[in-house]
Amino acid sequence: HQFGPLAGVEPRTLWERVQAVKFIIMRARSDVPRFTSPLHLTQVERSQPFVLGGSFNSSVRALFHPDILAQQHGDVTVHMGESSAIVDDGGVGKVPIVLADYLATHWPMGPPVDGEVLERIAVFDSAFFQARPDLIEALVLPEFLAACPAAPKGGDQHFLSVGGAGSGVAFHMHGEGWSAQLHGRKQWLLAPVDGEPGWTEYRVRDQGLPVPVGTYIDEIWPELPPSTRPLSVVAEPGDLLHIPDGWHHATRNLEGGSVSVAGQGAADSEQVQTMYALAAGLEELRVSLNHSEFCAESADAIQCNQLSGKLVQEAHAAEWSWPRHPFPSYVRSFVYEARQEATALLEVATASLRRWPHSAKRHVWVSTAANVLGWIDLSRRAAEECVSEARRHAALLGAPCWEMITHVAMHQGDVTRAKAALRQLERMVDSHRRAYPLLHAEGGGAWGYSAIPRDLSEQYPTLRETPQKPRSRRKRTRAK
């Protein structure tokens with residue numbers, strides 16, 4: 001208990017103590033337990049993750065080979081997205097694409113992108129098996145998981161996951177589930193409900209992009225203390241991975257690409273249900289804002305204020321119950337920004353930065369609130385910290401950071417610095433648009449960022465003014 005994921009926190013129940021001990025023992029045994037026969041599953045409980053190797057033979061795996069998918073099912077429309085955008089959009093891809101086109105352009109690596117730090121795009125689709133129900137029926141789970149809510153029965157609780165190397169899905173959680181690895185290899189990171197997986201941001205339907213899963217695995221995960229580091233396991237072809245109810249997990253497809261099928265059940269744990277309720281309340285508030293940033297400017301300001309007040313109370317209660325989870329403080333910050341309460345926003349965002357210092361979105365909030373309160377130096381420092389953190393993230397995450405630098409520079413009267421920030425912002429958005437045009441189309445995951453340079457130019461017309469060159473005064477010489 002002293003060195004485990006609950007170090008420094010007194011468990012409230014005996015069950016929490018037992019779970020902490022189980023998690024420490026599992027970590028001491030190195031990664032996730034792997035079994036080769038369903039008979040060995042009696043050694044584990046449904047509350048723990050495990051891998052059952054050799055669960056799917058070559059004939060079943062051949063049905064999901066990329067070439068077979070392109071030939072026999074390439075006409076099916078699937079949905080794709082970046083690792084964090086998939087989580088933000090409710091656990092599925094948002095941008096539609098024909099499966100054959102995805103395999104032709106993003107498999108097994110994806111297009112090169114002008115040296116920018118951009119993330120590979122993966123397919124994560126829940127409608128595929130509605131068009132091809134025979135494929136999901138070919139997967140047979142062991143009897144140990146027959147009672148799993150997400151056992152293969154068809155419907156939208158099953159997902160097709162196809163991704164080139166480097167793509168994946170960011171940290172998220174749901175009810176008990178499983179993943180069948182059918183082609184290629186995939187790395188998994190898993191952490192229990194009450195553990196702290198060391199993410200820099202966990203957000204549901206967020207406007208900004210959290211840390212891409214590749215950046216997290218390569219740069220952040222190795223630096224974490226062993227006691228708080230998520231479990232890591234690589235799923236090989238034919239493996240079946242069991243994900244317990246409420247466990248946080250993220251995935252990254254490895255070299256050569258990956259094809260897998262996942263099943264998800266409804267969440268049972270209190271924490272997961274609470275976070276989903278907060279996410280639903282946040283989505284309702286977004287609808288009430290009606291494309292406006294503030295409650296006072298929304299279509300129904302009274303409804304917006306009522307929703308936001310209720311959401312603050314629920315988020316504050318969740319923050320007391322689960323202080324390790326970053327989402328409640330994120331919800332409070334979003335609400336305070338919508339209600340234009342700069343002092344409360346600065347207090348919450350600053351406090352949460354002490355625990356999640358790599359959160360670029362929280363740096364933006366600190367910069368925004370300080371700018372409103374007239375603390376220009378603090379606003380500038382927070383915006384610069386945001387840019388520094390954004391360099392480790394997906395390219396578009398830096399867009400709000402450069403936006404705040406532009407605002408601060410204009411408030412200080414430094415038009416030259418503001419123009420430089422605007423040019424950096426335009427270059428970032430244009431590079432991303434050239435690489436992923438579908439993400440910038442109407443309804444795409446990044447369309448909101450495309451409008452930031454235009455909005456800044458409309459707010460500050462002087463940013464578009466071209467300085468006139470001074471006339472050179474040459475001495476006229478008479479022709480001899």
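All values reported here derive from a predicted model rather than from experimental measurement. Start at 1 with the first residue, then count along the sequence.
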Report yes if some heavy atom in the side chain of [X] is under 4.5 Å from a heavy atom in the side chain of [Y]; otherwise report no.
X	Y	answer
F334	R286	yes
W188	I243	yes
T36	L52	no
H183	F64	no
I136	V261	yes
R61	P237	yes
P328	Y330	no
W178	H242	no

When you measure from the side chain of [X] to the backbone of [Y], do you find a donor-acceptor pair of N or O atoms at a distance under 3.5 Å?
X	Y	result
E236	G238	no
S367	H363	no
Y102	G74	no
S321	A317	yes

Hey, what's the ring geometry for F124 with F159, parallel, tilted or perpendicular (30° and 60° as the breaks)? parallel
Kindly assign one of parallel, tilted or perpendicular to the pair H174 and H249, based on the angle between their ring planes and the thresholds 30° and 60°. perpendicular
For side chain to side chain contact (heavy atoms under 4.5 Å, CB included), just list the numbers for V234 and L254, CA-CA rounded to whole Å, side-chain angles, deciding distance to a tenth of an Å, and then say yes or no. CA-CA 9 Å; V234 174; L254 300 180; 3.8 Å; yes
I need the minimum non-hydrogen distance between [X] and [Y], along with the two atoms involved.
X	Y	result
Q181	A235	CG-O, 3.6 Å
S333	V348	OG-CG1, 3.4 Å
P66	L103	O-CD1, 3.5 Å
G163	W107	O-CZ3, 3.5 Å
V259	L69	CG1-CD1, 4.1 Å
A131	V76	CB-CG1, 4.4 Å

Suppose we screen for salt bridge (charged side-chain N to carboxylate O under 4.0 Å, His left out). Which residues come up paired with D75, at least two apart in sequence or across chains? R132
Run the side chain to side chain contact (heavy atoms under 4.5 Å, CB included) test on H316 and R332 for me, step by step, so that the C-alpha distance in whole Å, both residues' side-chain angles and the decisive distance to 0.1 Å come before the verdict. CA-CA 7 Å; H316 196 267; R332 291 178 62 199; 3.5 Å; yes
Would you check if there is a donor-acceptor pair between the side chains of S258 and R252 at a distance under 3.5 Å? no
Atom [atom1] of [X] and atom [atom2] of [Y]: how far apart are they, to the nearest 0.5 Å?
X	Y	atom1	atom2	result
L241	F50	CG	CZ	8.5 Å
L139	E137	CG	CD	10.0 Å
H79	I97	NE2	CD1	11.0 Å
N253	S260	CG	OG	7.0 Å
C401	E385	SG	CD	10.5 Å
L190	H248	CG	NE2	11.0 Å

side-chain contact (heavy atoms from CB on, under 4.5 Å) filter on L311, not counting sequence neighbours, yields L278, L282, L285, E314, V331, V335
Which residues satisfy the side-chain contact (heavy atoms from CB on, under 4.5 Å) test with T77, sequence neighbours excluded? P96, V98
Does a salt bridge link D239 with R34, judged by any charged N lying under 4.0 Å from a carboxylate O? yes
Give the C-alpha distance, both sets of side-chain angles, the deciding distance and a yes or no for side chain to side chain contact (heavy atoms under 4.5 Å, CB included) between W402 and R427. CA-CA 11 Å; W402 289 108; R427 185 186 67 83; over 6 Å; no
Give me the one residue out of V123, L135, V162 that meets side chain to side chain contact (heavy atoms under 4.5 Å, CB included) with F128. L135
Might you work through the side chain to side chain donor-acceptor pair (under 3.5 Å) test for S179 and K186, ending with a clear yes or no? CA-CA 10 Å; S179 175; K186 177 181 292 189; 5.1 Å; no
Would you please test S232 and Q187 for side chain to side chain donor-acceptor pair (under 3.5 Å) and show each step? CA-CA 7 Å; S232 175; Q187 183 177 4; 3.2 Å; yes
Please assess R362 against S329 for the test side chain to side chain contact (heavy atoms under 4.5 Å, CB included), listing each intermediate value before the final yes or no. CA-CA 10 Å; R362 285 179 165 85; S329 64; 2.7 Å; yes
